[in-house]
Amino acid sequence: MTGPRPHPGTGQLLHQISAWIDAAPANRDRDPEALLWSRVAKVGEEAGEAVAALIGATGANPRKGTNATLADVERELLDTAGAALLAVEHLRTRDGRPGTAVDAFTRHVRAVAERAGRA
């Protein structure tokens, strides 16, 4: 008898999602450079959605008024971070280092903290 399957870690989940995106019918035969461009462009698209949510949450567009919440802003920021990590995962998989985007992010945060004198 086997026990319950362990839940995959965040790095493994990112790798699985990234592989799923690469295997999608529209991407399967795509030029590798075009696929990389689309991954990085997705980060910009998500960042734009975060800005739009902030404009909506603060009512900065008088024509539209307040039409979003700070929870919407947070969700869009997390989508942006996820898209960025998926782009990094895509790059690392191409370089033979699959499943390591979260590790790279952790090292990056530590380096920023050290530069800020907070490590």
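Bear in mind the structure is a predicted one, so any value in this text is a computation, not a measurement. Heavy-atom basis, side chains included; hydrogens, waters and symmetry copies ignored.
One N or O on the side chain of Thr106 and one on the backbone of Val102 form a donor-acceptor pair closer than 3.5 Å. Proximity of a side-chain donor or acceptor of Glu76 to a complementary backbone N or O of Glu46 within less than 3.5 Å is not detected. The backbone N or O of Arg97 lies less than 3.5 Å from no partner atom in the side chain of Asp95, so there is not a single donor-acceptor pair.
Within the model, atoms CZ of Phe105 and CG of Leu14 stand 11.0 Å from one another, a figure rounded to the nearest 0.5 Å. Atom-to-atom distance recorded for His90:NE2 and Arg39:CZ is 5.5 Å, nearest 0.5 angstrom. How far OG1 of Thr93 is from CG of Asp22: 7.5 Å, rounded to the nearest 0.5 Å. Atom CG of residue Leu13 and atom CG of residue Leu86 lie 10.5 Å apart, to the nearest 0.5 angstrom. Between atom CG of residue Leu35 and atom CG of residue Asn27 there is a gap of 5.0 Å, rounded to the nearest 0.5 Å. Within the model, atoms OG1 of Thr10 and CG of Leu85 stand 9.5 Å from one another, a figure rounded to the nearest 0.5 Å.
Residues Asp72 and Arg75 are paired through a salt bridge, judged by an N-O separation under 4.0 Å between the basic side chain and the carboxylate. The pair Glu89-Arg92 does not count as a salt bridge, with every side-chain nitrogen at least 4.0 angstrom from each carboxylate oxygen.
Across all non-hydrogen atoms, the minimal contact from Val73 to Ala57 is CG2-CB, 4.0 Å. Across every non-hydrogen atom of Ala68 and Ala53, the tightest pair is CB-O, 3.5 Å. Between Val43 and Thr80 the shortest heavy-atom distance is O-CG2, 4.0 Å. Across Arg94 and Pro32, no two heavy atoms sit closer than the pair NH1-O, 3.4 Å.
Counting heavy atoms of neighbouring residues, nucleotides and ligands inside a 6.0 Å radius, atom CD of Gln16 exceeds 12 of them. The local environment of CZ in Arg110 is sparse, with at most 12 non-hydrogen atoms from other residues, nucleotides or ligands closer than 6.0 Å.
Hydrophobic cluster membership differs between Leu36 and Ile21, with clusters built from Ile, Leu, Val, Met, Phe, Trp and Tyr side chains linked at under 4.5 angstrom. Under the 4.5 Å side-chain contact rule for hydrophobic residues, Leu77 and Leu70 share a cluster.
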Going through the checks in order, is the side chain to side chain contact (heavy atoms under 4.5 Å, CB included) test met by His15 and Gln12? CA-CA 5 Å; His15 179 66; Gln12 186 179 4; 5.6 Å; no
